[in-house]
S.K.: 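The structure is given below, and queries will be raised subsequently.
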Number of protein chains: 2
Amino acid sequence: MPPYDPSTFPPFAVTVDLVVLTVRRHALCALVVRRGETPFQGRWALPGGFVRADEDLGAAAARELVEETGLCAQDPAAPAVGNGAHLEQLATYGDPARDPRMRVVSVAHLALAPDLPAPRAGGDANSARWAPVEDLLPEGGYAPDGEHRAPLAFDHAKILADGVERARSKIEYSSLATAFCPPAFTVGELRRVYEAVWGVVLDPRNFHRKVTGTPGFLVPTGGTTTRQGGRPAQLFRSGTATVLNPPMLRPEV
Amino acid sequence: MPPYDPSTFPPFAVTVDLVVLTVRRHALCALVVRRGETPFQGRWALPGGFVRADEDLGAAAARELVEETGLCAQDPAAPAVGNGAHLEQLATYGDPARDPRMRVVSVAHLALAPDLPAPRAGGDANSARWAPVEDLLPEGGYAPDGEHRAPLAFDHAKILADGVERARSKIEYSSLATAFCPPAFTVGELRRVYEAVWGVVLDPRNFHRKVTGTPGFLVPTGGTTTRQGGRPAQLFRSGTATVLNPPMLRPEV
DNA sequence: ATAATAGTGTCTGTTAGACACTATGCT
DNA sequence: AGCATAGTGTCTAACAGACACTATTAT
């Protein structure tokens with residue numbers, strides 16, 4: 001190991017990239033923005049940007065999240081406010097060749113948000129949209145005929161895949177699925193989140209018994225709603241129990 | 001969002017820090033090295049170093065692991081060779097104040113190794129040792145009397161705590177605990193790994209039934225050993241099943 | 001013999017999964 | 001009425017946890 005010499009470190013650029021997931025129309029969707037410059041001009045990419053000189057990594061991710069979506073990163077300690085979103089660090093990507101212009105290390109973050117009206121397409125950001133992750137990440141890679149290449153720039157397909165996998169596994173044993181729901185939601189709405197994220201169909205009755213039988217997981221608000229049709233359903237908010245034990249079992253695929 | 005201008009990015013130093021864990025004498029231990037320079041001169045720290053200009057993050061972590069321990073990072077695809085260790089990315093730490101000299105972003109990695117003879121104390125590295133994580137991370141923080149401060153430099157106590165928590169939770173649902181074992185091991189040895197990592201006592205009979213009843217988890221080598229005393233025990237090696245479903249349940253603490 | 005560990009068998013309480021059935025709204 | 005969704009009850013197979021018991025070595 002060479003002696004520690006702060007004056008001779010190789011310089012890196014450090015960025016944050018965001019995997020922002022939501023559930024729209026029964027599908028897991030990710031926020032993507034169209035690139036206006038080379039490389040990958042015109043291609044879709046994950047939102048992100050440089051970390052500022054005196055900014056923590058999480059603060060940079062929260063700032064980008066506000067700039068791109070208007071969402072506030074939700075402090076886990078604070079009670080649920082209007083448009084708060086779950087934000088956590090995902091992983092760091094630093095292949096020397098991942099950006100052709102220079103050495104960039106990107107600290108990817110994962111954000112989970114309830115269904116939003118529409119991405120902020122205007123302003124200085126390029127056009128943005130919610131895209132089903134199924135369209136961005138075709139199963140088993142891409143056909144070798146070159147017709148459908150990965151639509152995402154840089155290594156963002158890998159980052160997105162890692163983020164989706166993190167979300168899929170984390171809702172098994174935590175109350176994180178409620179981050180996809182509005183502040184008050186029904187058991188059926190929460191079940192449809194699981195179904196969309198996992199791509200499965202769950203038994204409504206067993207699901208109901210499981211989530212309502214876990215102490216501290218769901219707290220009834222007292223209200224009801226018929227926004228899903230059918231019999232009025234109780235409204236709940238996320239409880240204090242942040243870990244789900246025993247976990248929700250993901251059915252075999 | 002400012003326009004993308006590669007020529008004006010703030011410069012960062014990027015390092016890798018290693019949380020190297022092993023099980024020694026029924027205790028979960030971490031590798032620490034004594035710092036020879038300021039800041040934190042004389043204090044213990046996690047091993048680590050700068051990422052080189054054309055080096056991937058995982059490669060830098062593997063290089064540091066070899067330099068500090070002689071362990072080879074185990075490619076998950078390759079069959080188990082002599083002294084391979086599990087290596088995975090843990091998390092990235094980039095608080096602007098975490099290093100008083102300059103802006104350093106550290107990509108921490110987690111390595112799990114079988115019990116080794118001794119750390120390589122000689123060479124250009126400072127003195128190194130295996131320390132029980134219990135000594136490095138006293139429960140519930142440190143007494144406010146200032147007598148026992150965190151013995152680790154920088155934010156390494158936080159990094160170590162995150163690594164230990166990752167290891168503790170990951171052995172629940174994966175075959176990762178075998179990374180703490182030699183290539184061939186007994187069921188009892190594997191159980192003692194769980195007991196050391198979790199700090200609990202497990203029922204030997206239920207544990208045996210659980211791990212031998214999970215298809216693909218353990219593969220008998222045919223040999224036996226009496227190195228633990230008592231009746232000769234079958235030797236196993238890690239099987240192809242990398243995920244444990246249903247998971248091993250960590251008893252309440 | 002005694003002690004140590006390895007390994008198998010049995011019982012019980014809990015739970016996941018399957019599914020019948022009732023409740024309550026809307027069109 | 002018919003249909004949608006909400007919510008409860010029941011049955012069964014699987015499994016975790018507790019623990020009795022046997023097997024095989026070393027001292």
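Lettering follows sequence order; numbering is per chain, from 1. Quick note: numbers below take in every heavy atom, side chains included, and nothing from hydrogens, waters or symmetry partners. Predicted model only: the values in this text are computed from it and were never measured.
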S.K.: Any donor and acceptor pair, going by atom type alone, linking the side chain of B:W198 with main-chain N or O of B:P251 inside 3.5 Å?
M.R.: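 Not at all, since once roles are kept as given, no pair shorter than 3.5 Å links the two residues.
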
S.K.: B:N245 has an atom CG; how far is it from atom C1' of D:dA14, in whole Å?
M.R.: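 Rounded to the whole Å, the gap is 13 Å.
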
S.K.: Over how many whole Å does the gap from B:R250 atom CZ to D:dA16 atom C1' extend?
M.R.: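 It works out to 17 Å between those atoms.
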
S.K.: Cation-pi between A:R25 and A:W130: NZ/CZ under 6.0 Å from ring centre and within 45° of the ring axis?
M.R.: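 Here A:R25 fails the 6.0 Å and 45° test against A:W130.
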
S.K.: Would the distance check show the side chain of B:T178 and the main-chain N or O of B:S175 forming a donor-acceptor pair, the cut-off being under 3.5 Å?
M.R.: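 Answer holds: yes.
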
S.K.: Rounded to whole angstrom units, what separation is found between the CZ atom of A:F207 and the C1' atom of C:dA16?
M.R.: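 Between C1' of C:dA16 and CZ of A:F207: 14 Å.
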
S.K.: When the distance from CD of A:Q234 to C1' of C:dT24 is rounded to whole Å, what number comes out?
M.R.: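 Result: 13 Å.
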
S.K.: If you define the side chain from C-beta out and look only at heavy atoms, does anything of A:L65 sit under 4.5 Å from A:L18?
M.R.: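 Counting from C-beta outward, A:L65 and A:L18 do come under 4.5 Å.
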
S.K.: What is the distance, rounded to the nearest whole Å, between atom CZ of B:R205 and atom P of D:dA16?
M.R.: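 These atoms are roughly 16 Å apart.
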
S.K.: Does any part of the side chain of A:L110, heavy atoms only, come nearer than 4.5 Å to the side chain of A:H86, both counted from C-beta?
M.R.: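 Of all side-chain heavy-atom pairs linking A:L110 with A:H86, none is under 4.5 Å.
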
S.K.: What I'd like to find out is whether the side chain of A:E68 reaches to under 4.5 Å of the side chain of A:L31, using heavy atoms alone.
M.R.: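 Counting from C-beta outward, A:E68 and A:L31 do come under 4.5 Å.
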
S.K.: Need one value for A:P204: base, sugar-phosphate or nothing, where a base atom within 4.0 Å counts as base even if backbone is also close, heavy atoms only.
M.R.: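 It contacts nothing in the nucleic acid.
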
S.K.: At under 4.0 Å, does any side-chain N or O of B:H208 touch on OP1 or OP2 of C:dT8?
M.R.: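 Yes, B:H208 has a side-chain N/O under 4.0 Å of OP1/OP2 on C:dT8.
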
S.K.: For nucleotides 10-12 of chain D, list the nitrogen or oxygen atoms of the protein found under 3.5 Å from its nitrogen or oxygen atoms, one pair per line.
M.R.:
none

S.K.: Dump every N/O contact between nucleotides 25-27 of chain D and the protein below 3.5 Å, one line per pair.
M.R.:
none

S.K.: Does the side chain of B:F236 come within less than 4.5 Å of B:Q234's, by heavy atoms?
M.R.: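 Sidechains of B:F236 and B:Q234: in contact.
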
S.K.: Of A:V187 and B:P246, whose nearest nucleotide on DNA chain D comes first from the 5' end?
M.R.: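 This one resolves to A:V187.
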
S.K.: Rounded to the nearest angstrom, tell me the gap between atom CG in B:L249 and atom C1' in D:dC15.
M.R.: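 In whole Å, D:dC15 C1' and B:L249 CG are 10 Å from each other.
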
S.K.: Take the protein atom CZ of B:R191 and the nucleotide atom C1' of C:dG7, then report the distance between them rounded to whole Å.
M.R.: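 Answer to the nearest Å: 12 Å.
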
S.K.: Check the phosphate of D:dC15 against B:K210, side-chain N and O only, distance under 4.0 Å to OP1 or OP2. Yes or no?
M.R.: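 Indeed not, no polar side-chain atom of B:K210 lies that close.
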
S.K.: side-chain contact (heavy atoms from CB on, under 4.5 Å) between A:V23 and A:R192: does it pass, once the steps are laid out?
M.R.: CA-CA 9 Å; A:V23 173; A:R192 278 178 276 274; over 6 Å; no

S.K.: Using a 4.0 Å heavy-atom cut-off across all strands, classify A:R227 as base, sugar-phosphate, or nothing.
M.R.: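 No contact.
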
S.K.: Between C:dA6 atom C1' and B:F185 atom CZ, what is the distance in whole Å?
M.R.: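 The answer, rounded to whole Å, is 16 Å.
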
S.K.: Any non-hydrogen side-chain atom of B:T240 less than 4.5 Å from a side-chain atom of B:T242?
M.R.: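 Of all side-chain heavy-atom pairs linking B:T242 with B:T240, none is under 4.5 Å.
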
